[in-house]
Amino acid sequence: MIIIKSQSEINKIAAACRIVAEILEGLKAFVKIGISTADIEAYVDREINKRGATPAFKGYRGYPSSVCISVNEQVVHGIPSMAARLKNGDIVSIDLGAILDGFYGDAALTIPVGDISPEASRLIMVTEEAFYKGIEKAVAGNRVSDISAAIQDHVESNGFSVVRAFVGHGIGRSLHEEPQVPNFGKPGQGPRLKEGMTMAVEPMVNAGGPDVKILDDGWTAITADGSLSAHYEHTVVITKNGAEILTKLS
Ligand code: MF3
Ligand code: CO
């Protein structure tokens, strides 16, 4: 069942989303050569606590950390570690969820570390662009897979591939609600979009093939062919005038 949110529920989701947006914005400056991914988690914990929120991922199905940090060929769900130090040329995907007053916000982005290769920089750019292509279709009356198809089309026409193993999702009082929002598929399928739906749209894009495998930690997804991967996610609400991005600072 897809839960349509009232304006007061949307306001609460927006408040959780604002916290996520502020922290991810701060991380763009905090991320630099030499810090560890555990340092990033410590920063996130401090900033979330300061705002009276709770990290959404810690304990979710046993996930051990407050934030997912996935470097280079890691796709999603990388676990922060003191041993994982960022070096020049890395790309680091950071996925953060927060709970405030019973409602969730969820967003992710990929941040360059120092000077990255032209290929890595194009991958990050195409992933962000694919999100916006998808969001253009997130209009009341369209169907969920209109978003999916627009994302896939942009990614593949730029020579990259979309991950199939993970998808976007409805969000609200739970981190994952219906509907699923795949980043691939034919247009015109799935549930119809309605005003008041809140969703996390999150393309995961590989420079090589779409397949992933899971490391022995049971969480970290990496590209099967070792190619780079990027992630871009926002929580959005469907309004009269299209999708409004909630995890963005205005
Ligand atoms: N943004 C991801 C998602 O929506 C993060 C979940 S990670 C987990 O699925 F650790 F919480 F599982
Ligand atoms: Co998500």
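Ligands are counted one by one from 1 in listed order, and the atoms in each one are counted from 1 as well.
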Lys/Arg N to Asp/Glu carboxylate O, Lys50 vs Glu47, below 4.0 Å: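 Yes.
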Region of Phe57 that comes within reach of ligand 1 [heavy atoms, distance under 4.0 Å]: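 The answer is both, backbone and side chain.
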Part of Asp106 with heavy atoms under 4.0 Å of ligand 1, whether side chain, backbone, both or neither: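 The answer is the side chain.
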NZ/Lys32: more than 12 non-hydrogen atoms of other groups inside 6.0 Å: yes
Can a side-chain donor-acceptor contact be found between [Y] and [X] if the only test is distance below 3.5 angstrom?
X: His231; Y: Glu202; value: yes
X: Asn11; Y: Ser8; value: no
X: Asp225; Y: Ser227; value: yes
X: Asn206; Y: Thr223; value: no

Nearest candidate to atom 12 (F) of ligand 1, where distance is taken over non-hydrogen atoms, out of Tyr60, Tyr104, Phe166: Tyr60
Of the N, O or S atoms in Glu202, the one nearest the Co ion (ligand 2): OE2
Ring centroid separation His77 to Phe57 under 6.0 Å: no
Pair Tyr132 and His154, ring centroids less than 6.0 Å apart: no
Contact with ligand 1 for Cys68, non-hydrogen, under 4.0 angstrom: yes
Contact with ligand 1 for His169, non-hydrogen, under 4.0 angstrom: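 True for this residue.
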The Co ion (ligand 2) reached by Glu233 (N, O or S, under 2.8 Å): yes
His176 backbone or side-chain N/O/S under 2.8 Å from the Co ion (ligand 2): no
Element-labelled atoms of ligand 1 that are located less than 4.0 Å from some non-hydrogen atom of Glu233: 1 (N)
Per-atom contacts, ligand 1 versus Glu202 - under 4.0 Å to a heavy atom: 1 (N), 3 (C), 4 (O)
Closest approach of any protein heavy atom to atom 1 (N) of ligand 1, naming residue and atom: Asp95 OD2, 2.5 Å
Nearest non-hydrogen protein atom, atom 10 (F) of ligand 1: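 For atom 10 (F) of ligand 1, the nearest protein heavy atom is Tyr63 CG, 3.0 Å.
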May I ask you to check if ligand 1 and [X] share an N or O to N or O distance below 3.5 Å?
X: His176; result: yes
X: Trp219; result: no
X: His231; result: no

Cationic tip of Arg164 above Phe184 ring, under 6.0 Å, 45° of axis: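 The answer is yes; both the distance and angle limits are met.
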Ring-face cation contact, Phe30 with Lys28, 6.0 Å cut, 45° max: no
Angle subtended at the Co ion (ligand 2) by NE2 of His169 and OD2 of Asp106, nearest 10°: 90°
